[in-house]
Amino acid sequence: MKNTFLIYGISDCPSCLRACADLMDLYPSCEYVFINADFAAAYRDSLKQKYDVSTFPIIVCNDELIGGYEELSSFLATHEQYNDNSTPMANKKIEPS
């Protein structure tokens, strides 16, 4: 079964957008759902409290908290199923900071 990632985020958040892009590059190895919390301050607060985090995105996979964007990057790098050199992400060019 494919892993499905839930990305709780804000539509103009750079980290939220990078998380979506990184997971999109891994399709069909995994799928993701973006849950937009732009206009729901109370919902954002409840998510922060539920997962004990202070920033977005909040990324969950199979009911397990991954964390934010940096934790997602580490998770993907350390799980072999996402490190297949034939996937587009392996060939992805990273823009200099």
Side-chain angles (χ1 to χ4, degrees):
M1 180 197 311
K2 283 184 205 180
N3 285 329
T4 300
F5 292 82
L6 301 178
I7 302 173
Y8 297 97
I10 301 165
S11 61
D12 63 351
C13 164
S15 295
C16 298
L17 296 173
R18 282 195 311 256
C20 291
D22 286 357
L23 291 172
M24 187 183 308
D25 284 346
L26 291 173
Y27 182 83
S29 299
C30 67
E31 297 177 336
Y32 76 93
V33 176
F34 181 77
I35 299 136
N36 187 331
D38 282 0
F39 301 104
Y43 183 61
R44 285 194 307 270
D45 290 342
S46 70
L47 288 170
K48 288 177 182 179
Q49 184 175 6
K50 175 180 179 178
Y51 291 110
D52 194 27
V53 297
S54 59
T55 61
F56 285 89
I58 299 170
I59 303 166
V60 178
C61 181
N62 300 332
D63 296 324
E64 178 183 335
L65 176 66
I66 302 298
Y69 177 73
E70 289 181 14
E71 291 83 7
L72 174 65
S73 295
S74 295
F75 178 87
L76 296 175
T78 58
H79 286 74
E80 190 172 314
Q81 73 236 41
Y82 305 115
N83 290 318
D84 179 2
N85 290 332
S86 67
T87 62
M89 188 170 188
N91 300 319
K92 183 177 175 181
K93 299 209 185 300
I94 308 245
E95 293 291 322
S97 310

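For the single chain, residues carry numbers from 1 onward in sequence order. What's counted below: heavy atoms across the whole structure, side chains too, no hydrogens, waters or symmetry copies.
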Peer 1: How would you list all residue pairs meeting salt bridge (charged side-chain N to carboxylate O under 4.0 Å, His left out) that involve residues 56-76, not counting sequence neighbours?
Peer 2: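 Matches after skipping sequence neighbours: none remain.
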Peer 1: Flag the pair Leu76 / Phe5 as yes when at least one side-chain heavy-atom distance between them is below 4.5 Å, and no otherwise.
Peer 2: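 Touching, per the 4.5 Å side-chain cut-off.
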Peer 1: Is it true that Val53 and Val60 fall in one hydrophobic cluster, defined by side-chain heavy atoms closer than 4.5 Å?
Peer 2: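 Same cluster.
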Peer 1: Throw together a table of side-chain donor-acceptor distances under 3.5 angstrom for residues 43-52, partners on residues two or more places apart or in other chains.
Peer 2:
residue : atom : partner : partner atom : Å
Arg44   : NH1  : Ala37   : O            : 2.6
Arg44   : NH1  : Asp38   : O            : 2.8
Ser46   : OG   : Tyr43   : O            : 2.8

Peer 1: Nearest heavy-atom pair of Gly9 and Phe34: which atoms, and what distance?
Peer 2: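 Nearest pair, atom of Gly9 first, then Phe34: C-CZ, 3.6 Å.
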Peer 1: Tell me every residue that passes salt bridge (Lys or Arg N to Asp or Glu O under 4.0 Å) with Glu31, counting only those two or more places apart in sequence or in another chain.
Peer 2: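 Lys2.
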Peer 1: Among the clusters formed by ILVMFWY side chains lying less than 4.5 Å apart, do Val33 and Phe56 turn up in the same one?
Peer 2: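 Looking at the clustering, Phe56 is in the same group as Val33.
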Peer 1: Does Leu72 reach the side chain of Leu23, with side-chain heavy atoms less than 4.5 Å apart?
Peer 2: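 They are in side-chain contact.
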Peer 1: Following the transitive rule for hydrophobic clusters with a side-chain heavy-atom cut-off under 4.5 Å over Ile, Leu, Val, Met, Phe, Trp and Tyr, establish whether Ile58 and Ile10 coincide in one cluster.
Peer 2: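 Yes.
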Peer 1: Determine the sole option in Ile66, Ile7, Ile35, Leu17 for which the side chain to side chain contact (heavy atoms under 4.5 Å, CB included) test with Pro57 is passed.
Peer 2: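 Testing Pro57 for a side chain to side chain contact (heavy atoms under 4.5 Å, CB included) against Ile66, Ile7, Ile35, Leu17 leaves exactly one candidate, Ile7.
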Peer 1: Please name the pair of heavy atoms, one in Gly68 and one in Ile59, separated by the smallest distance, quoted to 0.1 Å.
Peer 2: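 It is O-CD1, 3.6 Å.
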Peer 1: For Cys61 versus Asn3, what's the shortest heavy-atom pair and its separation?
Peer 2: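 The answer is SG-CB, 3.7 Å.
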Peer 1: Just do the side-chain contact (heavy atoms from CB on, under 4.5 Å) check on Cys20 and Tyr32 with the steps written out, would you?
Peer 2: CA-CA 7 Å; Cys20 291; Tyr32 76 93; 3.6 Å; yes
